[in-house]
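Structure record follows, encoded as structure tokens.
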Amino acid sequence: MALSKAITFVKTASSNEELRNACTSFSKEKLLLKLNFSEVEFEDAINMQLVKCQSYEQAEVYQQLRIWFLLI
């Protein structure tokens, strides 16, 4: 269940700058509690999306999202 929430978040956050900006007002721990998934599930969701990418440009979006999440 939490993995599906992480996947939904990753898909949405990859294209929604407002969501990413709103997330930066939380610490990583509080954000994960609010979103109801763990850091491991976030990584799994990113990896699942990377496998589906058909171009380097698509993959770069998810890699940048991973870096953004690490910097929170």
Side-chain angles (χ1 to χ4, degrees):
M1 186 69 160
L3 181 58
S4 65
K5 291 179 183 181
I7 293 169
T8 301
F9 174 78
V10 165
K11 287 179 180 178
T12 305
S14 68
S15 61
N16 188 331
E17 187 175 348
E18 285 182 27
L19 174 61
R20 291 190 305 271
N21 288 337
C23 290
T24 58
S25 64
F26 296 97
S27 68
K28 187 180 292 188
E29 293 77 23
K30 288 186 180 183
L31 180 61
L32 290 170
L33 284 173
K34 184 168 180 64
L35 295 172
N36 201 25
F37 56 81
S38 70
E39 207 163 338
V40 172
E41 291 161 335
F42 175 81
E43 281 295 321
D44 288 346
I46 288 284
N47 291 332
M48 290 174 75
Q49 296 310 305
L50 284 170
V51 173
K52 296 177 184 178
C53 292
Q54 296 183 1
S55 70
Y56 289 116
E57 290 80 15
Q58 289 175 329
E60 185 65 26
V61 170
Y62 292 110
Q63 292 291 8
Q64 288 178 4
L65 186 60
R66 173 183 278 150
I67 292 168
W68 166 82
F69 191 76
L70 289 171
L71 294 174
I72 292 179

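Every heavy atom of this structure was used, including side-chain atoms; hydrogens, water molecules and symmetry mates were not.
Nearest approach of S25 to A22, heavy atoms of both residues: OG-O, 2.7 Å. Between V10 and A45, the closest heavy-atom pair is CG2-CB, 3.8 Å.
Below 30°, between 30° and 60°, or above 60°: for F42 and F37 the angle between ring planes is below 30°, a parallel geometry.
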Step-by-step side-chain contact (heavy atoms from CB on, under 4.5 Å) determination, R66 to L50: CA-CA 11 Å; R66 173 183 278 150; L50 284 170; 4.0 Å; yes

Determine whether Q49 and V61 satisfy the following criterion, side-chain contact (heavy atoms from CB on, under 4.5 Å), listing intermediate values before the conclusion. CA-CA 10 Å; Q49 296 310 305; V61 170; over 6 Å; no

side-chain contact (heavy atoms from CB on, under 4.5 Å) between F69 and E39, worked out: CA-CA 9 Å; F69 191 76; E39 207 163 338; 3.8 Å; yes

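Atom NZ of K28 has more than 12 heavy atoms from other residues, nucleotides or ligands within 6.0 Å.
Annotation: the span from L65 atom CG to Q63 atom CD amounts to 10.0 Å, rounded to 0.5 Å. If you take OG1 on T24 and CG on L19, they are separated by 10.0 Å, rounding to the nearest 0.5 Å. K52 NZ to K11 NZ: the interatomic distance, rounded to the nearest 0.5 Å, is 4.5 Å. Residue F26 holds its CZ atom at 10.5 Å from CG of L33, rounded to the nearest 0.5 Å. The CD1 atom of I46 lies 10.5 Å from the CD1 atom of I7; values are rounded to the nearest 0.5 Å.
Counting heavy atoms from C-beta outward, L32 and E41 have side chains that stay 4.5 Å or more apart.
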